[in-house]
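Notes to accompany the following structure.
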Number of protein chains: 2
Amino acid sequence: MEHTMEACALDPALDVIVGKWKCSILFHLFHGTKRFSELQKGIPDITKKMLTSQLRELEEHDIIQRVVYPVVPPKVEYSLTEYGRTLEPVLSSIHQWGRSHAEHMRVRRSSLILEDTRQSL
Amino acid sequence: MEHTMEACALDPALDVIVGKWKCSILFHLFHGTKRFSELQKGIPDITKKMLTSQLRELEEHDIIQRVVYPVVPPKVEYSLTEYGRTLEPVLSSIHQWGRSHAEHMRVRRSSLILEDTRQSL
DNA sequence: CGGGATCCTATGCGATACTG
DNA sequence: CAGTATCGCATAGGATCCCG
């Protein structure tokens with residue numbers, strides 16, 4: 001870390017994955033190519049506008065590919081780029097820490113409540 | 001990834017490290033205990049308000065410790081908790097990907113510009 | 001079906017001033 | 001020194017409607 005991490009060289013990477021729905025989208029695309037409507041179904045609370053904008057941002061960063069089939073009705077498929085797959089170990093690392101963190105905070109809250117209880121007795 | 005990453009279990013972890021100044025603060029604290037004013041000097045553009053609020057959030061997540069010395073003038077020291085240090089491999093992973101991503105996008109932009117130039121000839 | 005355009009709200013963040 | 005309080009702006013994100 002000493003030598004590798006400058007003042008905030010994290011930001012460029014975080015830009016790529018931060019966004020209210022980006023990791024949900026990535027989660028689905030890691031499981032294979034999906035149509036716009038499939039993503040909508042998989043992420044029920046997202047609006048078309050947000051789905052579109054988040055997909056565009058991921059596309060700009062070369063994480064995903066957008067393929068338009070010139071048919072009617074329109075058909076658009078999204079998939080990870082080969083480069084996008086290099087994100088997997090990073091996301092996996094974040095994800096695993098997040099899981100243990102949730103547990104850590106759960107345990108911590110319990111013990112803090114216990115302390116409070118003891119003090120109020 | 002298949003088995004480990006749910007819809008968006010990334011968010012709890014991202015909450016911890018996302019924030020305009022958090023990674024800068026963490027960067028400094030990974031190098032050792034720092035006083036409030038030292039952090040301010042190390043991060044010239046941050047305001048007291050933001051420094052305070054970001055430190056408070058990191059503290060709530062048990063990433064950093066705040067130690068107040070009852071002296072005058074006041075002295076407050078911030079340091080990573082032992083638990084906070086478990087973030088290091090994660091941050092390092094994000095950071096490294098971010099560096100290579102910056103390079104990837106630089107190269108990509110060059111080649112896109114080349115294509116444009118060719119088309120306009 | 002896969003968007004775009006418009007309008008609106010909520011939050012993050014900054015600037016400034018005050019305080020024990 | 002290490003904060004807090006107040007104000008205000010900019011951006012992220014949501015709701016709704018329209019379109020080829």
Side-chain angles (χ1 to χ4, degrees), chain A residues 7-8 10-29 32-61 63-80, chain B residues 7-8 10-29 32-61 63-80:
Chain A
C8 199
L10 289 176
D11 291 340
L14 290 178
D15 270 358
V16 176
I17 55 174
V18 167
K20 194 170 179 187
W21 305 99
K22 277 183 191 166
C23 45
S24 296
I25 293 171
L26 289 174
F27 166 71
H28 285 279
L29 293 185
T33 298
K34 295 278 191 287
R35 294 186 58 169
F36 187 89
S37 49
E38 293 178 305
L39 288 171
Q40 264 195 99
K41 279 194 184 177
I43 314 171
D45 287 347
I46 198 171
T47 62
K48 290 177 178 184
K49 173 191 167 185
M50 284 311 297
L51 182 51
T52 302
S53 74
Q54 305 275 289
L55 286 169
R56 292 290 180 279
E57 289 180 26
L58 289 169
E59 198 188 352
E60 276 176 34
H61 285 288
I63 306 301
I64 66 172
Q65 268 168 334
R66 176 171 180 265
V67 178
V68 183
Y69 295 89
V71 296
V72 42
K75 176 178 175 182
V76 180
E77 282 187 348
Y78 293 90
S79 60
L80 285 175
Chain B
C8 200
L10 290 175
D11 290 341
L14 289 179
D15 271 359
V16 176
I17 54 174
V18 169
K20 193 171 180 188
W21 305 99
K22 277 183 192 168
C23 44
S24 296
I25 293 171
L26 289 174
F27 166 71
H28 286 279
L29 293 185
T33 298
K34 295 277 190 291
R35 295 185 59 167
F36 188 88
S37 49
E38 293 179 305
L39 288 171
Q40 262 196 101
K41 279 194 185 177
I43 314 171
D45 288 346
I46 198 172
T47 61
K48 290 176 178 184
K49 174 191 166 182
M50 285 312 297
L51 182 53
T52 303
S53 75
Q54 304 275 289
L55 285 168
R56 292 288 180 282
E57 287 179 28
L58 289 169
E59 197 188 353
E60 275 176 35
H61 285 289
I63 306 300
I64 67 173
Q65 267 169 335
R66 177 172 179 265
V67 178
V68 183
Y69 295 89
V71 296
V72 42
K75 176 177 174 180
V76 180
E77 282 187 347
Y78 293 90
S79 60
L80 285 174

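Just so it is clear: chains get the letters A, B, ... in the order the sequence lines come, proteins before strands, and each one is counted from 1.
Looking at the side chain of B:V76, the nearest of the listed nucleotides C:dG2, D:dA2, C:dA15 is D:dA2.
Applying the side chain to side chain donor-acceptor pair (under 3.5 Å) rule to A:Q54 yields no partners; only residues at least two apart in sequence or on another chain are considered. By the side-chain contact (heavy atoms from CB on, under 4.5 Å) test, B:V68 is found to be paired with B:R66, B:V76, residues two or more places apart in sequence or in another chain being considered. Listed by chain and residue number, A:Y69 satisfy the side chain to side chain donor-acceptor pair (under 3.5 Å) test with A:E77 (two or more places apart in sequence, or in another chain).
Side chains of A:L29 and A:I63 form no contact here, defined as non-hydrogen atoms less than 4.5 Å apart. In this structure, the side chains of B:L80 and B:L26 come closer than 4.5 Å at one or more pairs of heavy atoms.
In this model, the phosphate group of C:dC1 is not approached by any side-chain N or O of A:R35 to a distance below 4.0 Å at OP1 or OP2. Within the structure, every side-chain polar atom (N or O) of A:K49 is placed at least 4.0 Å from both OP1 and OP2 of D:dC17. In this structure, A:Y78 reaches the C:dG3 phosphate: one of its side-chain N or O atoms is under 4.0 Å from OP1 or OP2.
Going from atom CD of A:E57 over to atom CH2 of A:W21 covers 14.5 Å, rounded to the nearest 0.5 Å. From A:L55, atom CG reaches atom NZ of A:K22 across 10.5 Å, with rounding to the nearest 0.5 Å. In this structure, the separation between CG on B:D15 and CD on B:E60 is 11.0 Å, given to the nearest 0.5 Å. In this structure, B:E59 CD and B:Y78 OH are separated by 7.0 Å, a value rounded to the nearest 0.5 Å.
Heavy-atom nearest nucleotides on DNA chain D were determined for A:W21 and for A:K48, and the one closer to the 5' end corresponds to A:W21.
Within residues 37-46 of chain A, no residue is approached by DNA chain D to less than 4.0 Å at the level of any non-hydrogen atom. Taken residue by residue, residues 50-57 of chain B places heavy atoms nearer than 4.0 Å to DNA chain D at B:T52, B:R56.
To the nearest angstrom, P of D:dA2 lies 7 Å from CZ of B:F36. Counting to the nearest Å, the C1' atom of C:dG3 and the NZ atom of A:K75 are 17 Å from each other. Look at CZ on A:R66: it is 12 Å from C1' on C:dG4, rounded to the nearest Å. D:dT11 atom C1' lies 15 Å from atom NZ of A:K20, rounded to whole Å.
Within the helix from C:dC1-D:dG20 to C:dG20-D:dC1, the inter-axis angle between the opening and closing five-pair segments is 40°, rounded to 10°.
Using a 4.0 Å heavy-atom cutoff across all strands shown, A:P74 reaches at least one base atom of the nucleic acid.
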Tell me which donor-acceptor pairs under 3.5 Å the side chains of residues 43-53 of chain A have, and how far apart each pair is, sequence neighbours excluded?
residue: A:T47; atom: OG1; partner: A:M50; partner atom: N; Å: 3.2
residue: A:T52; atom: OG1; partner: A:K48; partner atom: O; Å: 2.8
residue: A:S53; atom: OG; partner: A:M50; partner atom: O; Å: 3.2

What side-chain donor-acceptor pairs closer than 3.5 Å can you find for residues 32-41 of chain A, not counting sequence neighbours?
residue: A:R35; atom: NH2; partner: A:P74; partner atom: O; Å: 3.4
residue: A:E38; atom: OE1; partner: A:R35; partner atom: N; Å: 2.6

